[in-house]
Amino acid sequence: MEWGNSSLYADFVLLGLFSGSRFPWLLFSLILLVFVISIASNTTMILLIRADPRLHTPMYFLLSQLSLMDILYISTIVPKMLLDQATSQRAISFAGCTAQHFLYLTLAGAEFFLLGLMSYDRYVAICQPLRYPVLMSRKVCLLIVVAAWLGGSADGFLLTPVTMQFPFCASRAINHFFCEVPALLKLSCRDTSAYETAMYVCCILMLLIPFSVISASYTRILIAVYRMSEAEGRRKAVATCSSHMVVVSLFYGAAMYTYVLPHSYHTPEQDKAVSAFYTILTPMLNPLIYSLRNKDVTGALQRALGKCLASRKVTAF
């Protein structure tokens, strides 16, 4: 059967996150608050790392990249969702859906790889501290960031054209709040089982490769921490690594639920709830987890606030 351009490239309708809510405007207000906090906290993290010389280290350089990814990641999805609710307009063009799909996959993939590679930084810092300046030089840090972005871009460039070439003829209503792969494939009137199997294998590999790096790094770290004689050094190592492990668990756990667990084990409403968690809440939680558990970041924030207050007093006089 031939499908015309009007069928292939017509606008979609996003049913959204608010459709099943008894208090949609309360949920709207909460998501808007989370969005503002996420943008503000991640931007603050980037500015602090850039402004404070004590934070000019490989770990904080990688954290600044994570914050940048989180800003772009949440900005790809939430503004459109909030605008739809405010204007009661649910439509998204085929081009807009394609762009959102590509950016989401690219940024999510880049964050997967970056979180995996960040564990290598912690391994070198704890297990080989004397070689840390060499093994985590500026060149190595740049290579890590470039590798993360390239890995995410490859994911976007590979999956987006294939997903969007399917004829979506059964319905144009996406039972989701953004153009996510599983929700889009449900609208196709062509058999997508082969592609879903290939995507399943791709997602397993995308999770397995970073997870293998994380597992290997933290196995060595745990052995090194166990052998430490100083209680202070052990406490600092555990505090630094636990923040990273919390972020990894949140992000990887939600992604594994969505893309690895068979569809028969979860409903569309559960999919939306889990997607909301890792696309809306996680970008807000990441800087809070790293800052609240990190004395270097809280110290840099206090120094920055102190300078601002001092400058205001000077201008007042």
Side-chain angles (χ1 to χ4, degrees), residues 34-35 37-39 41-46 49 58-79 99-122 141-160 177-182 199 202-215 217-218 241-260 274-291 294:
V34 168
F35 177 71
I37 293 173
S38 178
I39 297 296
S41 58
N42 280 291
T43 303
T44 301
M45 181 73 81
I46 293 171
I49 292 170
M59 184 182 80
Y60 293 111
F61 172 72
L62 298 178
L63 275 179
S64 69
Q65 291 298 309
L66 182 66
S67 290
L68 175 61
M69 289 177 184
D70 280 336
I71 290 172
L72 297 174
Y73 188 46
I74 196 170
S75 299
T76 300
I77 297 166
V78 173
Q100 188 183 63
H101 183 270
F102 170 76
L103 290 171
Y104 158 73
L105 287 176
T106 298
L107 291 163
E111 192 155 335
F112 273 125
F113 288 117
L114 183 63
L115 286 171
L117 293 168
M118 282 172 69
S119 65
Y120 171 74
D121 168 72
R122 294 297 81 212
C141 290
L142 290 174
L143 285 174
I144 287 174
V145 171
V146 170
W149 281 107
L150 287 177
S153 299
D155 187 35
F157 279 117
L158 284 172
L159 295 182
T160 302
F177 57 91
F178 71 102
C179 296
E180 193 172 24
V181 181
M199 188 176 66
C202 179
C203 291
I204 289 290
L205 290 174
M206 276 197 65
L207 288 167
L208 188 61
I209 294 171
F211 190 74
S212 298
V213 175
I214 292 169
S215 300
S217 298
Y218 277 99
C241 295
S242 60
S243 297
H244 182 249
M245 284 306 299
V246 169
V247 171
V248 166
S249 300
L250 292 174
F251 200 69
Y252 276 60
M256 288 177 71
Y257 176 90
T258 302
Y259 290 98
V260 177
V274 173
S275 295
F277 178 78
Y278 73 83
T279 58
I280 300 172
L281 286 179
T282 303
M284 180 192 73
L285 293 175
N286 285 352
L288 297 179
I289 290 168
Y290 279 111
S291 61
N294 192 308

Please check if any side-chain donor atom of E180 sits under 3.5 Å from a side-chain acceptor atom of Y104, or the reverse. yes
All heavy atoms of F61 vs all of I49, minimum pair found to be N-CG2, 4.4 Å
Any donor and acceptor pair, going by atom type alone, linking the side chain of S38 with main-chain N or O of V34 inside 3.5 Å? no
Rounding to 0.5 Å, atoms CZ (F113) and CE (M69) come to a distance of 10.5 Å
Kindly indicate whether the side chain of F178, heavy atoms from C-beta on, has any atom under 4.5 Å from the side chain of S275. yes
A side-chain contact here means heavy atoms from C-beta on lying under 4.5 Å apart; do I39 and S75 qualify? yes
Check whether any side-chain heavy atom of L159 sits under 4.5 Å from a side-chain heavy atom of D155, and report yes or no. yes
I'd like to know whether I46 forms a side chain to side chain contact (heavy atoms under 4.5 Å, CB included) with I71, so could you lay out the CA-CA distance, the side-chain angles of the two residues, the decisive distance to 0.1 Å, and finally the verdict. CA-CA 10 Å; I46 293 171; I71 290 172; 3.9 Å; yes
Nearest heavy-atom neighbours spanning D121 and P58: OD1-CB, 3.8 Å
Do P283 and Y278 have side chains that get closer than 4.5 Å, going by heavy atoms? no
Would you say the side chain of L105 lies within less than 4.5 Å of the side chain of L158, judging by non-hydrogen atoms? no
pair N286-Y73: side-chain heavy atoms closer than 4.5 Å: no
So which heavy atom on L66 is nearest to which on L114, and how close? N-CD2, 3.6 Å
Close side-chain approach of Q100 to L103, heavy-atom, < 4.5 Å: no
Here the gap from I77 atom CD1 to L72 atom CG, rounded to the nearest 0.5 Å, amounts to 11.5 Å
Side chains of I214 and M245, heavy atoms from C-beta outward: is any pair under 4.5 Å? yes
Testing the basics here: between I74 and P79, what is the closest heavy-atom pair and its distance to 0.1 Å? O-CD, 3.6 Å
Write down the atom of F102, the atom of T160, and the distance for their closest heavy-atom approach. CA-OG1, 3.3 Å
Where G116 and V213 come nearest, the two heavy atoms and their spacing: O-CG1, 3.4 Å
